[in-house]
Amino acid sequence: MSAALLDHYQTLAATAPKAHVYQAVGQQRLSLVELPNRKQEAWRYTPLAPVLDYQFAAASREDGLLVPEDVAALRVTPTDHVCIVLLNGFFMPELSTLPVQAGLEVLDLAQAIQTSAAGIERLGSLSGECLHLFGAVNAALTGAGVYLRVTEKLTQPVELLHINYSFDSEVLSNPRVLVQVEANANLTLLEQHAQFADVLGMHNGVTEIFLSEGAELIHPRLQNDSLRTRHLSSLHVQQAASSVYKGTTLALGSAWSRTEFHLDFSGGHAHCELNGFYLAGDQQMQSMHLDVLHSVPDCSSREAFKGILYGQGKAVFDGNILVKKDAQKTDARLSNDNLLLSRDSEIDTKPRLEIYADDVQCSHGTTVGQIDPEMLFYLRARGIPKAAATSMICQGFAAELIAHCDYPALETKALSILQERLAPVAANL
Amino acid sequence: MLSIKDLHASINGKEILKGLSLEMGAGEVHAIMGPNGSGKSTLSKVLAGREEYEVTSGTVTYKGENLLDMSPEERAHQGIFMAFQYPVELPGVNNTYFMQASLNAIRKARGEPELNSLNFMKLVRTKLKALEMNEALLKRSVNTGFSGGEMKRNEILQMTLLEPSLAILDETDSGLDIDALKMVSMGVNSLRSPERSMLVITHYQRLLDYIQPDYVHVLSGGRIIRSGDKSLALELEEKGYGWLQQEAAA
């Protein structure tokens, strides 16, 4: 099976329309990669059949499939804000609201490669180390991705909207995003994976983010893909000295979802905050993988992840913080809290701290619990019926994490999706 | 209003209430006093509907209906309110949202129109002012990070909002300084009316200086061993519980 699957992707890579030279790098890598398997630590608890038992077709560019009104209905930012739309992985300028202000460039990735845009040479320099099948497939098949370059402090947030919608059932989208925030510039990038229709297929996204000295990126992400798709997002972040990255990922949708964070510090006094929330119900698997590398001194990181599981939902949390020998004065805190609403739900949680420096402050903690009967009784004693009370406790548990998004329209959207999903569950507990 | 007859209740197979009887009329304020472990908190929890407590025999009739058949939320809908001895923290649940949900759940159950956010805020602000509470508490998560005094005031705020027919105050005075105690008592006294009954459970006589009861009962060993008027509380303050327990044993 594995040889056939590799053959399939190699054939796709060979026959894919050539948008840019970087695809050749991916194609070459495809001949080197190993298929993910559960003997590998990074995939130990992740069921692989949903993504390895299918030979997906490559998504193609679909001009005219959506109209601007479709996009407007999905946005969380006002319509005059910059909004970058990727449809089935392809950057769609005609559906996007593109910047006119100074300090922000949004380029078609293929064009940026052809014209050797400033900073484009960094493409692949972070993800290159991640040699798993889907990274290579992304590189080989990605067409028109997007390159964002920020050179000033931007006051308005920018929305990045991914929509997967195809009439062919089993297609693979391969969006590629490169973000470069230059020295002392900053950006709020609101990323949405929005549900437009109930589609099958798979989203296979790779994002590389480079933060120069003193740069700041606030990066809330809402993954609300169709409950029948598979979703893989690999995020790679590199932080120079005194930069700040604050990422909050809310993974609500998809049948099989994996979010990988690979974060690396290249200069001192940088700070990163990674927050995540996942919701896993029947026929859902959510997994979060963190790979935070402290290789230089004086950096701090905070990683807080929470999940709610119900029915036969399954989730995996695999959080690894590696503090290398020279990374003295590292301050890292990792936590993972889970609320299980059913006997049949399952969480495999594995927080890991690997520390080789001797002067550091690091901690990790994990909890797995059920609805607290004291809380439930308190709410019921105030007249709130059991189902509504259960739902309120879950919302509260999630709200604390969701509040890290710092963008009310996105938080409200996430909370209302959560409310809609949990109300029938709470009514049957 | 409330009629308890020969109530026996246990938790984890251990009997705590052993034949408790109590009659409360409308508009009356009853105080229940007693040493630690006498069953005071068990009584309040059984009345509020805590499911861990098993009623093995006896009856509780509230406004002519069998209270023990009702779920905790139904009891609240019927006008029962318990101020918790240890209010529960609800992280991530906004205090205003919680109180509005509570009031509206009760109004809905009674077939009354629900209050919108604007009208609810107007109402809660007037109540807040009367209790000299900081409005910032409305914006926080329910009881989360509140001081002991703030929690108790928050309980009384809910009570003044919900305007119950039967209020049960479970050791509301514990952990309060004298200023907070006065404020809490003022809130309670403002609700005294001919239609409303109150059951004040306390370990100390001090609270009864501010909330003057019509009747005082002494609970010991899961039963009421003595009832009287407010002078009984003063006598207890002076002599302790020992003499009554000895009398009861004799």
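Labels below follow one simple rule: chain letters A, B, ... track the order of the sequence lines, proteins then strands, and each chain is numbered from 1.
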Residue among B/A109, B/A101, B/A76, B/P72 with most heavy-atom pairs under 4.5 Å to chain A: B/P72
Which atoms of B/P164 approach chain A - backbone, side chain, both or neither, heavy atom under 4.5 Å: neither
Taking every non-hydrogen atom, the tightest pair across A/A399 and B/G92: CB-O, 3.8 Å
Could you list each N or O donor-acceptor pair linking chain A to chain B at a distance under 3.5 Å?
{"from": "A/E374", "atom 1": "OE1", "to": "B/R50", "atom 2": "NH1", "distance (Å)": "3.3"}
{"from": "A/Y378", "atom 1": "OH", "to": "B/N143", "atom 2": "ND2", "distance (Å)": "3.3"}
{"from": "A/Y378", "atom 1": "OH", "to": "B/E155", "atom 2": "OE2", "distance (Å)": "2.3"}
{"from": "A/Y378", "atom 1": "OH", "to": "B/Q158", "atom 2": "NE2", "distance (Å)": "3.2"}
{"from": "A/R380", "atom 1": "O", "to": "B/E73", "atom 2": "N", "distance (Å)": "3.4"}
{"from": "A/R380", "atom 1": "NE", "to": "B/E73", "atom 2": "OE1", "distance (Å)": "2.6"}
{"from": "A/R380", "atom 1": "NE", "to": "B/E73", "atom 2": "OE2", "distance (Å)": "3.4"}
{"from": "A/R380", "atom 1": "NH1", "to": "B/E51", "atom 2": "OE2", "distance (Å)": "3.3"}
{"from": "A/R380", "atom 1": "NH2", "to": "B/E73", "atom 2": "OE1", "distance (Å)": "3.0"}
{"from": "A/R380", "atom 1": "NH2", "to": "B/E73", "atom 2": "OE2", "distance (Å)": "3.4"}
{"from": "A/R382", "atom 1": "O", "to": "B/S102", "atom 2": "OG", "distance (Å)": "2.7"}
{"from": "A/R382", "atom 1": "NE", "to": "B/Q158", "atom 2": "OE1", "distance (Å)": "2.5"}
{"from": "A/R382", "atom 1": "NH1", "to": "B/M82", "atom 2": "O", "distance (Å)": "2.9"}
{"from": "A/R382", "atom 1": "NH2", "to": "B/M82", "atom 2": "O", "distance (Å)": "2.9"}
{"from": "A/R382", "atom 1": "NH2", "to": "B/E155", "atom 2": "OE1", "distance (Å)": "2.7"}
{"from": "A/G383", "atom 1": "O", "to": "B/H77", "atom 2": "NE2", "distance (Å)": "2.7"}
{"from": "A/K386", "atom 1": "N", "to": "B/E73", "atom 2": "OE2", "distance (Å)": "3.2"}

Candidate pair B/F98 and A/I384, rule side-chain contact (heavy atoms from CB on, under 4.5 Å), full reasoning: CA-CA 9 Å; B/F98 156 68; A/I384 299 167; 4.1 Å; yes
Side-chain heavy-atom pair A/L379, B/L90 within 4.5 angstrom cut-off: yes
Any residue meeting side chain to side chain donor-acceptor pair (under 3.5 Å) with A/Q284, in chain and number order, not counting sequence neighbours: A/R421
Contacting moiety of B/A48, where chain A heavy atoms sit under 4.5 Å: both
Minimum heavy-atom distance A/G383-B/A105, with the two atoms named: O-CB, 3.2 Å
